[in-house]
2 protein chains.
Amino acid sequence: MSKNPLKNIESINLGGGHRMTPQRRLVFDVLMKSQDHPTAAEVFMRVKNSMDSISLATVYNCLDTLVSAGAIKQVNLDREPSRYCGNLEPHAHFHCESCSSVLDIELNEGAEASKSVIIPKGAKAEKFEVAVRGKCPKCARRKN
Amino acid sequence: MSKNPLKNIESINLGGGHRMTPQRRLVFDVLMKSQDHPTAAEVFMRVKNSMDSISLATVYNCLDTLVSAGAIKQVNLDREPSRYCGNLEPHAHFHCESCSSVLDIELNEGAEASKSVIIPKGAKAEKFEVAVRGKCPKCARRKN
DNA sequence: TTTTTATCAAGAATTATTCTAAATAATAAT
DNA sequence: ATTATTATTTAGAATAATTCTTGATAAAAA
């Protein structure tokens with residue numbers, strides 16, 4: 001299903017005395033089942049199906065913790081709400097200008113982002129990010 | 001100084017009945033003089049030196065208009081406030097995780113972002129964006 | 001147990017940005 | 001020129017995503 005090598009959340013070490021909790025487990029599970037890069041509010045709604053008492057603040061906390069632990073990725077495109085992604089493989093994102101949906105896109109082999117860019121002297125590059133903006137297949141098909 | 005081919009704002013066609021105004025002129029001039037990708041609030045402070053009566057809302061309006069006209073670029077990185085950039089040449093951005101500064105970085109020739117990525121069938125890609133995150137030269141030099 | 005530490009939940013607070021409405025200014029039409 | 005139209009500016013209110021605060025709960029350590 002998802003490309004996350006973590007079989008299940010039990011194998012995640014949250015680090016620093018952080019505990020695995022039912023809430024964190026559920027948030028992680030929702031992301032493993034999602035292909036659509038949900039926002040925190042969307043994760044909240046989905047998690048509520050399994051645990052009605054959970055709060056939005058807790059969902060934010062869980063997402064932050066999981067991102068810090070490297071179990072999921074946070075995706076920020078333009079000024080829109082953050083989205084979350086369970087796919088830990090290196091990949092880029094396609095962002096639809098019409099419907100705001102986000103699609104994972106594969107990186108071509110040998111086309112390392114690190115080689116496409118000239119890093120300033122003395123700077124230490126840590127992460128590379130490629131984003132494409134345009135119309136997703138659904139929206140491109142529509143006339144208007 | 002800047003890599004914007006528009007010699008001055010008079011040559012900009014804002015389109016759609018939009019007028020060139022003193023405020024828009026000043027906002028554009030500030031960006032032409034800036035290499036540091038200022039936020040709207042920073043542009044506001046700089047413009048205030050020349051026109052004390054200008055309001056923050058107007059700076060936002062002017063920035064939006066200039067972005068729509070293609071005279072400047074808006075740069076959104078992570079969840080931070082939008083920054084604005086007078087450099088219209090194709091380039092990428094380096095984003096310092098310590099001090100949040102943004103540096104323009106050059107793209108290697110032949111390393112077109114469009115070739116490094118596999119666009120989904122049916123999607124229409126319009127813009128490509130490459131961002132690098134890490135420590136800028138200043139921050140990399142510091143111990144901590 | 002008792003103590004410590006982490007977590008959760010609800011709602012308040014924050015902050016960048018957008019919206020509203022009234023005043024002003026520029027342009028077009030008469 | 002005068003009037004009518006349209007765009008712009010401004011101040012402040014509104015919005016919305018996210019973070020913070022606080023008290024209660026729960027787990028882990030002593």
Side-chain angles (χ1 to χ4, degrees), chain A residues 9-10 12-28 30 37-48 50-69 71-85 95 100 102, chain B residues 9-10 12-28 30 37-48 50-69 71-85 95 100 102:
Chain A
I9 196 167
E10 308 309 330
I12 299 174
N13 180 5
L14 295 178
H18 288 222
R19 299 165 189 159
M20 183 46 56
T21 67
Q23 288 87 347
R24 286 173 181 162
R25 220 186 302 276
L26 281 172
V27 167
F28 181 78
V30 158
H37 304 78
T39 62
E42 287 164 348
V43 172
F44 176 54
M45 293 193 306
R46 295 176 198 181
V47 169
K48 253 179 128 39
S50 319
M51 182 188 278
D52 192 53
S53 64
I54 198 168
S55 75
L56 179 56
T58 297
V59 170
Y60 272 107
N61 287 340
C62 293
L63 289 168
D64 285 355
T65 306
L66 292 168
V67 169
S68 302
I72 62 174
K73 279 195 201 164
Q74 183 169 14
V75 181
N76 296 312
L77 294 167
D78 300 321
R79 297 261 84 223
E80 295 181 8
S82 285
R83 294 175 173 277
Y84 298 86
C85 175
H95 184 204
S100 290
V102 174
Chain B
I9 195 164
E10 308 310 329
I12 300 174
N13 181 4
L14 295 178
H18 288 222
R19 300 164 189 160
M20 183 47 55
T21 66
Q23 289 86 348
R24 286 174 180 161
R25 221 185 302 277
L26 281 171
V27 167
F28 182 78
V30 158
H37 303 78
T39 63
E42 287 163 348
V43 172
F44 176 54
M45 294 194 306
R46 295 176 198 181
V47 169
K48 253 180 129 37
S50 318
M51 182 188 278
D52 191 54
S53 63
I54 199 170
S55 76
L56 178 56
T58 297
V59 169
Y60 272 105
N61 287 341
C62 293
L63 289 168
D64 285 355
T65 306
L66 292 167
V67 169
S68 301
I72 62 174
K73 279 193 201 165
Q74 182 169 14
V75 180
N76 297 312
L77 294 168
D78 299 322
R79 297 262 85 222
E80 296 181 8
S82 284
R83 294 175 173 275
Y84 297 86
C85 175
H95 184 204
S100 290
V102 174

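Throughout, a chain's letter reflects where its sequence line sits, starting with A, and its residues are numbered from 1. Here the structure is a predicted model, which is why all the values come from computation and not from measurement.
Distance CG (B:Leu63) to P (C:dA16): 15 Å, rounded to an integer number of Å. Per the geometry, CZ belonging to B:Phe44 stands 17 Å off P belonging to C:dT15, to the nearest Å.
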Q: Could you check A:His37 against A:Tyr84 for side chain to side chain contact (heavy atoms under 4.5 Å, CB included), going step by step and ending with a plain yes or no?
A: CA-CA 5 Å; A:His37 304 78; A:Tyr84 298 86; over 6 Å; no
Q: With side chain to side chain contact (heavy atoms under 4.5 Å, CB included) as the test, would you mind laying out the steps for A:Leu77 and A:Val102 before giving the verdict?
A: CA-CA 9 Å; A:Leu77 294 167; A:Val102 174; 3.8 Å; yes
Between protein and nucleotides 2-8 of chain C, what N or O pairs are separated by less than 3.5 Å?
residue : atom : partner : partner atom : Å
C:dT5   : O2   : A:Arg19 : NH2          : 3.2
C:dA6   : O4'  : A:Arg19 : NH1          : 3.4
C:dA6   : O4'  : A:Arg19 : NH2          : 3.0
C:dT7   : OP1  : A:Arg19 : N            : 2.7
C:dT7   : OP1  : A:Arg24 : NH1          : 2.5
C:dT7   : OP1  : A:Arg24 : NH2          : 3.3
C:dC8   : OP1  : A:Thr21 : OG1          : 2.6
C:dC8   : OP1  : A:Gln23 : OE1          : 2.9
C:dC8   : O3'  : A:Gln23 : NE2          : 3.4

Please list, pair by pair, any protein nitrogen or oxygen found under 3.5 Å from a nitrogen or oxygen in nucleotides 15-18 of chain D.
residue : atom : partner : partner atom : Å
D:dT18  : OP1  : A:Ser82 : N            : 2.8
D:dT18  : OP1  : A:Ser82 : OG           : 3.3
D:dT18  : OP2  : A:Tyr60 : OH           : 2.6

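With sequence neighbours left out, B:Asp78 forms a salt bridge (charged side-chain N to carboxylate O under 4.0 Å, His left out) with B:Arg133.
The line from CD1 of A:Ile54 to CZ of A:Phe44 is 7.5 Å long, rounded to the nearest 0.5 Å. If you take OG on B:Ser55 and CG on B:Asn61, they are separated by 7.5 Å, rounding to the nearest 0.5 Å. How far CD of A:Glu80 is from NE2 of A:His95: 3.5 Å, rounded to the nearest 0.5 Å.
Residues A:Asp52 and A:Lys48 come closest through the heavy atom pair O-NZ, 2.8 Å.
Counting only heavy atoms from C-beta outward, the side chains of A:Leu66 and A:Val27 approach each other to under 4.5 Å.
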